[in-house]
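Take a look at the structure below.
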Amino acid sequence: MRKILAKELKSFFKDKRAFLLAFLLPIILITVFSLAFGGGGNNDTVRQLPLLVADEDKSAVTIKTINDIDSAKMIEVIPCSFDSAVDLIRTGKRTSVLVFRKGFSDSVKAMKKLPWEFQYDAARAEETGMLQSLLTRTLYGSVGKIMSRQAILKNISAQFPFMDSATRRTVFAQVTKNFDAGNSANNDTQNNMKLNTVSVVSAKPGNVGLVHAVAGTAVMMLLFSLTGMGGALLDEKEQGTLKRLLYSPVQSSDILLGKMAATVIVASFQLVVMFLFSATVFHLQIATKIVPLAIMILATAIACSGFGVFLATVARSRQQLQGLSTLIILSMSVIGGSMIPTFVMPPWMQSISVFSINYWSIQGFYDILWRDLPIGGILLERVGVLLAIGLVLTILSFRFFRKNVLALD
């Protein structure tokens, strides 16, 4: 038994791929997931949620209120015009805007219903829900104080009309001091303070989480399957098939182009099947979006195919390819939003998410299936980036194909 144990342990530690999968890969993934959720337990940095603010009233009351919101630890105020804010939300670049309409200050002083709105992207309900909750508490503690103080001062004036001016000033000063010390809105004030919520991106039939689940899972699994297909180059090299092909009239570039064309076709078909399944079983709404969806599927297939073949040409063996692809694809899926929403990540990780195929593809499918953006906008931004990724990786694949795969003994 001891000899068998020693043999198995020796064999395990000699196998670099087994060692990588058993120890190094989990450590790296734990690191990536921990960073995505904000870092270590001793990290005191508070991640702020960005909030666009459109101040159309431009009064002392709105300026003070905006400063109070900006002082909240978890909210980052970004001043913006209303039209620009709506455009940013529609294109998925921002999640929400707080709008102070003209006459806000007058309504506060007159104790009337406040003309303000919280407009948001329903496709990012989790993030906007957190933001609205934080915002509500801050507003009730800021504007609520002002309105409640106004109500009390108004009642005092009504009940004691013959109070002399000196006493009135003393009473008013004490009331103001009490509210500055921490009193907030009362029930009557809260009724007038109700914040109107408006979905800039109209709610659609179905579940927004379904769009994310389908898009995120489809891209991640596509990367794995196409990397496996690309690995057939290494198998053919080891089996001697590639050598025999090179002795035929076929050009080396034709071999790689043929492989890439096959992976693009398989990838497109795989994505079509996934979306048809989701439409049939989970009622994902795709019937009216066939053309833009087909464009995004093709762009995603090209980018993922370029990635799969690129990894296959970089790796020196099938074992090396499997370890490398697992590490890169899972890490890219984390930072790109396939596994967890990008909004829960710290700002620095959100900024690097744009370097993953997952991010551009998922956002593109959101644009089509939830935001209903026009084809032109999608082509210029998401599709353009995916095609550029595919092109760059294809060019690099040719270089490494000649250097690594064609380096036959």
Side-chain angles (χ1 to χ4, degrees), residues 17 20-21 25 29 32 211-239 241-242 255-282 284 286 293-339 355-365 382-383 386-387 389-394 396-397 400-401 405:
R17 174 174 169 269
L20 175 68
L21 293 176
L25 180 60
L29 290 178
V32 173
V211 177
H212 185 91
V214 175
T217 303
V219 176
M220 182 174 66
M221 299 312 299
L222 192 63
L223 289 169
F224 276 114
S225 64
L226 295 185
T227 300
M229 285 188 66
L233 283 170
L234 298 172
D235 294 337
E236 291 174 355
K237 176 182 176 179
E238 294 174 1
Q239 297 166 4
T241 306
L242 187 60
I255 297 174
L256 190 59
L257 286 174
K259 292 286 184 184
M260 298 193 74
T263 56
V264 170
I265 293 172
V266 171
S268 300
F269 182 71
Q270 186 175 340
L271 286 173
V272 168
V273 170
M274 289 183 186
F275 278 104
L276 287 177
F277 172 80
S278 301
T280 303
V281 178
F282 299 107
L284 182 65
I286 64 173
L293 190 59
I295 294 173
M296 181 55 64
I297 285 175
L298 181 59
T300 300
I302 291 173
C304 292
S305 298
F307 174 83
V309 176
F310 169 72
L311 276 189
T313 57
V314 169
R316 299 296 182 120
S317 66
R318 169 67 84 163
Q319 290 77 15
Q320 190 179 98
L321 174 64
Q322 290 176 346
L324 192 63
S325 63
T326 302
L327 174 62
I328 295 177
I329 293 173
L330 288 181
S331 298
M332 197 161 58
S333 297
V334 172
I335 66 172
S338 284
M339 293 185 174
F355 293 101
S356 69
I357 295 174
N358 308 62
Y359 172 83
W360 293 104
S361 184
I362 292 171
Q363 292 303 315
F365 287 123
R382 320 294 190 194
V383 173
L386 289 170
L387 292 177
I389 292 173
L391 177 61
V392 171
L393 292 177
T394 299
L396 292 174
S397 296
F400 285 103
F401 181 64
V405 183

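Remember, predicted model here, so these are calculated numbers, not experimental data.
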How long is the gap from [atom1] on [X] to [atom2] on [Y], to the nearest 0.5 Å?
X      : Y      : atom1 : atom2 : answer
Gln322 : Thr326 : CD    : OG1   : 7.0 Å
Phe401 : Met260 : CZ    : CE    : 11.0 Å
Asn358 : Thr217 : CG    : OG1   : 10.5 Å
Met221 : Ser333 : CE    : OG    : 9.5 Å
Thr394 : Leu257 : OG1   : CG    : 8.5 Å
His212 : Ile362 : NE2   : CD1   : 5.0 Å

Minimum heavy-atom distance between [X] and [Y], given as atom pair plus value:
X      : Y      : answer
Met296 : Val383 : CE-CG2, 3.6 Å
Val214 : Ser278 : CG2-OG, 3.2 Å
Met332 : Ile357 : SD-N, 3.9 Å

| request: List in chain and number order the residues that pass side chain to side chain donor-acceptor pair (under 3.5 Å) with Ser356, two or more places apart in sequence or in another chain; answer none if no residue qualifies. | output: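 Per chain and number, Ser356 pairs via side chain to side chain donor-acceptor pair (under 3.5 Å) with no residue.
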| Please, which pairs that meet ring pair (Phe, Tyr, Trp, His ring centres under 6.0 Å) have at least one residue in residues 295-319, sequence neighbours excluded? |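 Residue pairs passing ring pair (Phe, Tyr, Trp, His ring centres under 6.0 Å), neighbours aside: Phe310-Phe400.
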| task | Kindly state each residue pair satisfying ring pair (Phe, Tyr, Trp, His ring centres under 6.0 Å) with at least one member in residues 217-238, sequence neighbours excluded. | result |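 Every pair satisfying ring pair (Phe, Tyr, Trp, His ring centres under 6.0 Å) with a residue in residues 217-238: there are none.
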For [X], all residues meeting side-chain contact (heavy atoms from CB on, under 4.5 Å), sequence neighbours excluded:
X      : answer
Ile302 : Val264, Leu298, Leu387
Phe269 : Val273
Leu276 : Val272, Ile286
Ala267 : Leu222, Leu226, Ala301, Ser305

| request: Check for a donor-acceptor pair, side chain of Ser331 on one end and backbone N or O of Ile328 on the other, with a separation under 3.5 Å. | output: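 No; judged by distance alone, with no hydrogens or angles, the pair does not exist.
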| field | Residue pairs passing the salt bridge (charged side-chain N to carboxylate O under 4.0 Å, His left out) test where at least one lies in residues 325-338, sequence neighbours excluded | value |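 Output for this query is empty, none listed.
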| request: Kindly indicate whether the side chain of Met339, heavy atoms from C-beta on, has any atom under 4.5 Å from the side chain of Leu330. | output: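 Touching, per the 4.5 Å side-chain cut-off.
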| task | Can you run down the side chain to side chain donor-acceptor pair (under 3.5 Å) pairs that involve residues 224-233, sequence neighbours left out, and say none if there aren't any? | result |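 Matches after skipping sequence neighbours: Ser225-Gln270.
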| request: Return each pair, listed once, that meets side chain to side chain donor-acceptor pair (under 3.5 Å) where at least one residue sits in residues 293-304; pairs must be two or more places apart or across chains. | output: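 Qualifying pairs: Thr300-Ser361.
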| query | Looking at residues at least two apart in the chain, or sitting in another chain, which of them share a ring pair (Phe, Tyr, Trp, His ring centres under 6.0 Å) with Tyr359? | reply |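 Partners of Tyr359 by the ring pair (Phe, Tyr, Trp, His ring centres under 6.0 Å) criterion come out as none, since no residue qualifies.
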| field | Partners passing ring pair (Phe, Tyr, Trp, His ring centres under 6.0 Å) against Phe365 (at least two apart in sequence or in another chain) | value |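 Applying ring pair (Phe, Tyr, Trp, His ring centres under 6.0 Å) to Phe365 gives Phe275.
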